[in-house]
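I have placed the structure first, in the form of structure tokens, so that the comments after it can refer back to it.
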Amino acid sequence: MRPKPRLLALALTLAMPAAFAQTEASVQPLSAEECKAQEAVLERDMALARSRGQMLRRRELADTLSALQQRCQALAPMSREARIEKLEREIRTLRTELERAEAQLRSVKSESP
């Protein structure tokens, strides 16, 4: 029995997100070109799913695209200003945590035994 071309195309279309859904342990770094190529494939598949009325599939592809874009954005080199801002934000967060821990320590020390 030979599979119908439409069934084969549908099976391949449904299997495509699996190629993009990688676990954290198996994630390989992507180049900017690879990111753009994978984004283009996902956007094309989303348009195809939308045209066929496959809204759940389109939503799954949109989620995959969003995850890919976040991953690619994280790999993009940061400017000097962005690195400085990120470090300053981390320092503010750490200072806030330190102040909270010191306040807890003072309250524990001030409790009567």
Side-chain angles (χ1 to χ4, degrees):
M1 176 186 265
R2 193 170 185 173
K4 294 182 180 180
R6 283 188 180 173
L7 284 176
L8 185 57
L10 179 62
L12 289 173
T13 302
L14 293 174
M16 281 298 289
F20 298 108
Q22 300 175 349
T23 61
E24 250 344 277
S26 66
V27 171
Q28 299 295 321
L30 296 175
S31 68
E33 296 81 24
E34 291 171 323
C35 285
K36 288 182 182 188
Q38 287 186 8
E39 285 179 18
V41 169
L42 287 169
E43 288 169 353
R44 185 201 67 216
D45 289 349
M46 285 172 55
L48 183 62
R50 188 180 306 115
S51 71
R52 293 180 177 172
Q54 300 171 335
M55 300 318 282
L56 178 60
R57 169 129 174 85
R58 192 207 62 78
R59 183 69 226 156
E60 291 170 349
L61 290 167
D63 292 343
T64 303
L65 177 62
S66 176
L68 175 68
Q69 288 171 336
Q70 288 178 351
R71 183 173 159 221
C72 290
Q73 188 177 33
L75 296 174
M78 284 195 276
S79 68
R80 180 177 180 271
E81 293 80 20
R83 287 192 316 244
I84 290 171
E85 184 178 321
K86 180 182 176 194
L87 288 171
E88 288 175 341
R89 193 171 43 250
E90 288 177 16
I91 289 169
R92 282 192 300 272
T93 302
L94 290 171
R95 282 186 178 147
T96 302
E97 290 177 16
L98 178 61
E99 289 170 4
R100 190 172 350 143
E102 288 174 337
Q104 288 176 347
L105 178 61
R106 282 191 299 276
S107 75
V108 169
K109 284 183 174 182
S110 67
E111 290 176 357
S112 58

Can you tell me how far the CD atom of Glu81 sits from the CZ atom of Arg83, to the nearest 0.5 Å? 9.0 Å
In Å, rounded to the nearest 0.5 Å, how long is the span from CD of Glu99 to CD of Glu97? 11.0 Å
Say you draw a straight line from OG of Ser66 to CG of Leu61; how long is it, rounded to the nearest 0.5 Å? 12.5 Å
Hey, could you give me the CD/CE distance between Glu39 and Met46, rounded to the nearest 0.5 Å? 11.0 Å
So which heavy atom on Ser107 is nearest to which on Gln104, and how close? OG-O, 2.9 Å
Inter-residue atom distance Gln70.CD - Leu65.CG, 0.5 Å rounding: 10.0 Å
Side chain to side chain contact (heavy atoms under 4.5 Å, CB included) against Lys36, all qualifying residues, sequence neighbours excluded: none
Do the charged groups of Glu85 and Arg89 touch, with an N to O distance under 4.0 Å? yes
In Å, rounded to the nearest 0.5 Å, how long is the span from CD of Gln54 to CG of Asp45? 10.0 Å
So the disulfide bond (SG atoms under 2.5 Å apart) pairs with at least one residue in residues 39-107 (sequence neighbours excluded) are Cys35-Cys72
